[in-house]
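Data first, discussion second: the structure below is written as structure tokens.
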Amino acid sequence: MKYAVTISVLALLILPAIAFGQDAAKPLPDAPSSQSISAGSRGSTELGQMEADPPPSSMGIDTVAPRAPAVRAGISFEDKVHYYLTETYFNPGALTAPAFRAGLRMANPPGKGATQYPSEWRQGAEAFGRNYGDAVAERVSFQTARFATGVITREDPRYVPSSSRSIFARSFHAIGFTFVDRSNSGHPMPAISNFVGAAAGGFVGNAYLPAGFNDVTHAGQRASLRFGFAAAGNLFREFAPQMPGPMRTFFILTAR
């Protein structure tokens with residue numbers, strides 16, 4: 001649990017910093033040369049033509065923060081099914097992320113002393129299988145409850161990137177989107193599916209976790225952590241276009 005909380009907090013702090021570093025590393029534009037200055041003496045006709053038709057290389061490019069393609073307004077039930085299947089099952093992280101979490105859980109079992117995870121949840125291949133199954137169950141429960149709730153409440157599950165160039169505004173937008181997202185028609189609405197999905201992911205473990213970890217208190221803690229993971233996921237989606245490729249792949253395989 002401690003490692004999971006640490007990873008979630010680090011994701012909330014590191015992802016914007018990574019994007020900021022990528023933007024800061026961009027080269028500054030060259031100073032105008034004497035040839036460029038002399039070009040200002042050209043006839044007014046040619047200058048007017050240049051102003052009317054800007055160079056193609058400067059059109060549609062955000063030099064501060066390259067943006068991902070905009071999410072189109074409106075989503076059908078078939079689109080929601082496809083999104084749910086892709087996010088839950090048909091991606092590499094569906095297999096690797098639960099394994100990564102199971103390894104962390106075994107390296108730092110919840111509880112201390114007499115209240116620690118029992119040995120069958122801490123040692124050996126069987127313990128890894130139990131923790132791996134728990135991670136898969138929590139992940140699938142979150143996504144399934146989120147999908148079902150989104151269908152009922154007519155909520156769009158897709159993340160909509162910020163249009164701002166400010167790293168702070170983009171971070172605030174990503175975290176806020178965990179609480180208020182968009183309806184099928186693109187209007188803001190409470191992110192009910194995130195709350196229901198987090199609750200489902202937190203309470204599913206009560207059916208099989210060892211004694212002392214299958215109560216309402218621990219379920220609430222797991223639900224809160226799952227909601228934090230959702231916020232971290234939005235931050236990743238916001239800043240992923242500016243992240244280095246290897247780091248982006250690492251997050252996809254371990255935290256998606």
Side-chain angles (χ1 to χ4, degrees), residues 3-31 54-73 75 79 82-84 86-88 90-98 100-101 104 139 142-143 146 155-182 186 188 191 193-194 197-198 225-256:
Y3 279 136
V5 172
T6 301
I7 291 174
S8 180
V9 172
L10 286 176
L12 292 174
L13 297 175
I14 292 176
L15 292 180
I18 292 172
F20 179 78
Q22 289 294 304
D23 293 336
K26 293 179 181 178
L28 296 174
D30 295 332
S57 60
S58 65
M59 299 173 64
I61 296 179
D62 185 347
T63 59
V64 176
R67 309 300 301 123
V71 176
R72 62 180 177 82
I75 183 172
D79 291 334
H82 181 267
Y83 183 89
Y84 163 70
T86 301
E87 286 292 305
T88 310
F90 304 137
N91 65 80
L95 298 176
T96 58
F100 182 75
R101 180 180 172 186
L104 292 179
R139 186 176 188 274
F142 169 77
Q143 294 289 0
R146 185 169 181 261
E155 189 175 340
D156 191 336
R158 301 170 300 177
Y159 177 73
V160 180
S162 171
S163 59
S164 173
R165 297 183 178 185
S166 167
I167 189 155
F168 300 106
R170 293 173 67 188
S171 300
F172 182 81
H173 169 84
I175 296 174
F177 206 84
T178 315
F179 298 88
V180 178
D181 53 12
R182 297 293 183 269
S193 63
N194 285 341
L225 184 60
R226 172 50 63 179
F227 194 84
F229 283 152
N234 284 344
L235 275 171
F236 172 77
R237 293 180 178 89
E238 176 67 33
F239 293 103
Q242 287 81 59
M243 293 176 63
M247 183 169 291
R248 182 167 60 246
T249 301
F250 172 78
F251 276 105
I252 290 174
L253 294 178
T254 61
R256 180 169 180 172

### Any residue meeting side chain to side chain contact (heavy atoms under 4.5 Å, CB included) with I252, in chain and number order, not counting sequence neighbours
F236, R248, R256
### Donor-acceptor side-chain pairing of T178 and N234 below 3.5 angstrom
yes
### Query
Quick one: side chain to side chain contact (heavy atoms under 4.5 Å, CB included) partners of A94, sequence neighbours excluded?
N91, R139
### Query
CZ of R146 to OH of Y83: how many Å apart, nearest 0.5 Å?
5.5 Å
### Message
F179: which residues meet the ring pair (Phe, Tyr, Trp, His ring centres under 6.0 Å) condition with it, sequence neighbours left out?
### Response
F227
## Note on the structure
Tightest non-hydrogen contact, residues A255 and A97, listed as N-CB, 4.2 Å
### N/O donor-acceptor pair under 3.5 Å between E238 side chain and S162 backbone
yes
### Task
Please list, chain by chain and in numerical order, all residues satisfying side chain to side chain contact (heavy atoms under 4.5 Å, CB included) with T88, sequence neighbours excluded.
Y84, V140, Q143
### Summary
Hits for ring pair (Phe, Tyr, Trp, His ring centres under 6.0 Å) against F177, two or more places apart or cross-chain, chain-then-number order -> Y159, H173
### Task
Return the set of residues passing side chain to side chain contact (heavy atoms under 4.5 Å, CB included) with T96 (not counting sequence neighbours), or none when no residue passes.
L253
### Query
For the side chain of R226 and the backbone of G197, is there at least one donor-acceptor N/O pair under 3.5 Å apart?
no
### Task
Drop me the distance from Q242's CD to R170's CZ, to the nearest 0.5 angstrom.
4.5 Å
### Task
Answer whether the closest heavy-atom distance between the side chains of T249 and P92 falls below 4.5 Å.
no
### Task
Taking all non-hydrogen atoms of both residues into account, name the closest pair between R182 and G186 and its distance.
CD-O, 3.3 Å
### Between CZ on residue R237 and CZ on residue F251, distance to nearest 0.5 Å
13.5 Å
